[in-house]
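I have placed the structure first, in the form of structure tokens, so that the comments after it can refer back to it.
Only a predicted model underlies this, so the values are computations on that prediction, with no experimental measurement involved. Basis for what follows: all heavy atoms, side chains included, without hydrogens, waters or symmetry-related copies.
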Amino acid sequence: MRTEDVLAAIATGLWRWDKASGTVTLDAEAARLIELTPEAGPHPESVVRARFHPIDWNEINGVVGLAIAEDTLAEGRLRIVDEAGRVLRTVRFRSKPFRVGASHVLYGTLQEVAEPTEGTAAQTPITGDWRRSREAFLLDAGRALAEARSTAEVLRVAASLSMPGFSPDGLAVFGAAGDRITIIGQHGHQGAEDDPFSHMRMDTDHPAAEVIRTGRAVYLPSPDEYDHRYPTSWPLAQRLGRQSWAYLPLIVAGRTMGAWMAAFRHPVTFTPDERSVLTTVARMLAQALARAGVAETERELSLGLQRSMMPVLGPAIPGMSVAARYVPTGGGLQVGGDWYDMIPLPSGRIALVIGDVQGHDVRAAGLMGQLRIALRAYASEGHRPDAVLSRASRFLHGITDSYGQGDYSGPRFATCLYLEVDPANGRIEMARAGHPEPAVRMTDGTVLLRPTEGGLPLGIDRDTDYPTTRLTLEPGETLMMCTDGLLETGGHDLDTGWARLRTVLENDPGESLEELADALVQAVHGPVSHYTTGPLADRREDDVALVLLSREGQPVTEAPRRMVMTVAQAQPERIAVARHQVKELLHDWSDPDQLDSAVLMVSEMLTNVLVHTDGNALLSAEVAHGNGDGRRLRVEVTDASDELPHKRRPGEMASSGRGLVLMEMLADAWGVDPRGEGKSIWFELHEPKTKE
């Protein structure tokens, strides 16, 4: 009997599908099954396609593509429909694809099968329930793998996947590096401690090695199949009691980076749909592992940059305590342009530096490292604070200007605050380059921003000058300097951010400088920071650098409060800052009328210097306790002019000449004292005693 007659007797037809020509050649039985004219011959692909259910036809392309990739059979179920779309019968197809140039040709059979019963519908390939459960599983698996951020998380997600109808209970991921293969993670598949296949060569007789070498999946539906194909590795696999295995390549950007093994305690035939699910999971797993590897590399690089670029504080400063903190943004490489440093100076003094290079990227971190080294070099040469910043600005301008010629981001700048501290007497000389001003917490808990003269940020102008400001840190006082990230994080601006930190500084019990540093960072990044958001909508986080300096020793009983600031001829707007500083200095003054008087007289004295002289005005104010007579405020304004003011009697319409008249009316005492070069105008107010 002829082969064609035997196939027709069992309702099996032959077909040949040529993708290049777009024709399907059918024998008589295959044509009958597809409801075409029962004659052998070629038919246009479109005619044959019209006889298949449209959902099933779409499945064919995926199954055939998988078979071509794995060099296996393509098989599945197809529903035959009439011109009205009614299902007439179900056929099973089995085909072997062969590549022909850039296309392929399928040779195979079509056989009529009985319709699936209701109880088996969920397990029947290419039917609704199984397809829906498969799609839901793949969506969940893709979401879970996309959210994993480390290799360990990816492996945990892979181990928890519950595939529809054939969930594996043993998983292993093999990684390839050079000519070696290692197990980088596993679940439910731990072998013996001396398992030779946990570290093996690429040419080992093992399914994972073959998958990585060839880039093709290996399916082992039975122990006999495993033993027959891989007799060397079978004895170790046999001890784990599995019945079926699937090894699939992990491919990213066309490169096989490893293999994924799924092992089953129950037999699995690995139908095309099951292979399709496993292949899709392997692709998602490969992408997730690649992303996790990149993230872990970035974290390691970030930690390395932090360790190399953020120095620890140097040796202890005699008579002083220092605490510092650095908090990265939380994204990216976890490192940016903020830094702090402590530099021993040749004179026995100590320099403290804090700064912020523009940007939060690798280039900002690199510039920060270069600038920090330059500042160390200039400081170690013995230059004063103003000279150190001038040289640093010239250095940064030079390197960023040359970078900017071929860099889309252009030149960069940096803010900086440089302090030179004499531990013996607490004297500090500082220069500021566009950086937030430091703050001082006095022994009585009063916290003031310390007005500090400054210049442009480093790197903007080669020839910028940076005036020096001097102050004395008394025993028990604490100086805080920080970058703008500590102030502005959480939608704050500089003013509202300072108000938030001032509350922390004022309420600190003063037991430990380290505890105070933690409290300041927690106010910005801790849980309570969500209840202290600022008025701005932008809540982007910035790097944070913080340095605290406290002078040790017994605080002087009822030590005076002091403030000093300079108002230059070109800075008339600083008169408003001076008024604000006086208000802060007298925040607990008992007589509000005297407070208003003090602010008015300060404004008059500073304005007089700017209007009637060519020099700058130096304002100093002190609140001290008298000899049992309550507190006394003394304010002095010094200038370099030898011309002494004199009292005038201004007319009713005069716009000036009332300064000394006001002082005589409002001050408890006042005067004008000639100095070696220039003069000092001063006044005093005595706080009235409160009634008991």
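Across L486 and L520, no two heavy atoms sit closer than the pair CD1-O, 3.9 Å. In terms of heavy atoms, L458 sits closest to A392 at CD1-CB, 4.2 Å. The shortest heavy-atom contact between L389 and C416 is CD2-SG, 3.8 Å. A pairwise comparison of heavy atoms in R432 and Y466 identifies O-CD2, 3.4 Å as the closest pair. In terms of heavy-atom proximity, S390 sits nearest to T464 at OG-O, 3.5 Å. Contact between T489 and H525 at its shortest, heavy atoms only, is CG2-CE1, 4.3 Å.
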Next item on the list: Let me see the working for E477 and T443 under side chain to side chain contact (heavy atoms under 4.5 Å, CB included), right down to the final yes or no.
Entry: CA-CA 5 Å; E477 292 185 343; T443 54; 4.0 Å; yes
Check: Could you walk me through whether I575 and L610 pass the side chain to side chain contact (heavy atoms under 4.5 Å, CB included) check?
Finding: CA-CA 10 Å; I575 295 179; L610 298 189; 3.8 Å; yes
Check: Would K679 and E636 count as a salt bridge (Lys or Arg N to Asp or Glu O under 4.0 Å) if you check the C-alpha gap in whole Å, the side-chain angles of each, and the deciding distance to 0.1 Å?
Finding: CA-CA 10 Å; K679 62 182 179 299; E636 292 187 15; over 6 Å; no
Next item on the list: Kindly determine whether R349 and V421 satisfy side chain to side chain contact (heavy atoms under 4.5 Å, CB included), including the steps that lead there.
Entry: CA-CA 6 Å; R349 298 185 176 190; V421 183; over 6 Å; no
Item checked: Worked verdict on E437 versus L417 for side chain to side chain contact (heavy atoms under 4.5 Å, CB included) -> CA-CA 8 Å; E437 294 176 320; L417 181 63; over 6 Å; no
Note to self: Checking D668 against R632 for the salt bridge (Lys or Arg N to Asp or Glu O under 4.0 Å) test, could you report, in this order, the C-alpha distance in whole Å, the side-chain angles of both residues, the deciding distance, and whether it holds?
What the structure shows: CA-CA 10 Å; D668 292 322; R632 172 183 56 83; over 6 Å; no
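Looking at T452 and M430, their side chains come closer than 4.5 Å, going by heavy atoms from C-beta outward. W682 has its side chain within reach of R634: a pair of non-hydrogen atoms, C-beta onward, lies under 4.5 Å apart. You'll find the side chain of L633 reaches within 4.5 Å of the side chain of L586, heavy atoms only. Taking the side chain as every heavy atom from C-beta outward, V602 and E604 never approach each other to under 4.5 Å. Proximity of V327 to D543: side-chain heavy atoms (C-beta onward) are nowhere separated by under 4.5 Å. The shortest distance between side-chain heavy atoms of P346 and S380 does not fall below 4.5 Å. Proximity of T503 to N507: side-chain heavy atoms (C-beta onward) are separated by under 4.5 Å at one or more points. You'll find the side chain of E420 reaches within 4.5 Å of the side chain of L345, heavy atoms only.
Residue pairs meeting the salt bridge (charged side-chain N to carboxylate O under 4.0 Å, His left out) criterion with at least one member in residues 605-624, sequence neighbours excluded: R562-E622. Listed by first and then second residue, the salt bridge (charged side-chain N to carboxylate O under 4.0 Å, His left out) pairs involving residues 448-473 are E429-R470 (not counting sequence neighbours).
Shown here are the salt bridge (charged side-chain N to carboxylate O under 4.0 Å, His left out) partners of R574, two or more places apart in sequence or in another chain: there are none. Among residues two or more places apart in sequence or in another chain, the side chain to side chain donor-acceptor pair (under 3.5 Å) test is passed with R500 by none. Partners of W498 according to the side chain to side chain donor-acceptor pair (under 3.5 Å) rule, which considers only residues two or more places apart in sequence or in another chain, do not exist here. The side chain to side chain donor-acceptor pair (under 3.5 Å) test applied to S641 returns no partner, not counting sequence neighbours. Listed by chain and residue number, R561 satisfy the salt bridge (charged side-chain N to carboxylate O under 4.0 Å, His left out) test with D444 (two or more places apart in sequence, or in another chain). Considering only residues two or more places apart in sequence or on other chains, E677 meets the salt bridge (charged side-chain N to carboxylate O under 4.0 Å, His left out) condition with none of them. A324 is linked by a side chain to side chain contact (heavy atoms under 4.5 Å, CB included) to L313, Y340, V547, counting only residues two or more places apart in sequence or in another chain. T415 pairs by the side chain to side chain donor-acceptor pair (under 3.5 Å) definition with H435, not counting sequence neighbours. Applying the salt bridge (charged side-chain N to carboxylate O under 4.0 Å, His left out) criterion to E506, with sequence neighbours excluded, gives R502. The side chain to side chain contact (heavy atoms under 4.5 Å, CB included) search around E381 returns Y378, H383, not counting sequence neighbours.
Side-chain contact annotation: W670 with E664, donor-acceptor N/O pair under 3.5 Å absent. Inspection of the E643 and T613 side chains reveals no N or O donor paired with an N or O acceptor under 3.5 Å. Side-chain atoms of S603 and R579 form a donor-acceptor pair, as typed in the model, at a separation below 3.5 Å.
Looking at D639, its side chain never comes within 3.5 Å of a backbone N or O of N616 through a donor-acceptor pair. At distances below 3.5 Å, not a single donor-acceptor pair connects side-chain atoms of Q358 with backbone N or O atoms of A414. The main-chain N or O of G459 is found under 3.5 Å from a side-chain atom of S393 such that the two form a donor-acceptor pair. Remark: the backbone N or O of H686 is paired with a side-chain donor or acceptor of Q594 at under 3.5 angstrom. Under the 3.5 Å distance criterion, the side-chain polar atoms of D642 are matched with a main-chain donor or acceptor of G678. In this structure, D493 contributes its side chain and T496 its backbone to a donor-acceptor pair below 3.5 Å.
Between R631 and D588 there is a salt bridge, since a side-chain N of the basic residue sits under 4.0 Å from a carboxylate O of the acidic one.
Atoms CD1 and NE2, on I460 and H397 in that order, are 9.5 Å from each other to the nearest 0.5 Å. The distance from atom CG of D338 to atom CG of L546, rounded to the nearest 0.5 Å, is 11.0 Å. Of the inter-residue distances, the one linking M481 atom CE with L549 atom CG reads 7.5 Å to the nearest 0.5 angstrom. Atom CH2 of W339 and atom CG of L375 lie 5.5 Å apart (nearest 0.5 Å). Rounding to the nearest 0.5 angstrom, the gap separating the CG atom in D422 from the CD1 atom in I317 is 11.0 Å. Rounded to the nearest 0.5 angstrom, L595 CG and L585 CG are separated by 10.0 Å.
In R675, the CZ atom is crowded: over 12 heavy atoms of neighbouring residues, nucleotides or ligands sit closer than 6.0 Å.
Shown are T478, L419, I428; of these, the side chain to side chain contact (heavy atoms under 4.5 Å, CB included) with L473 is made only by I428.
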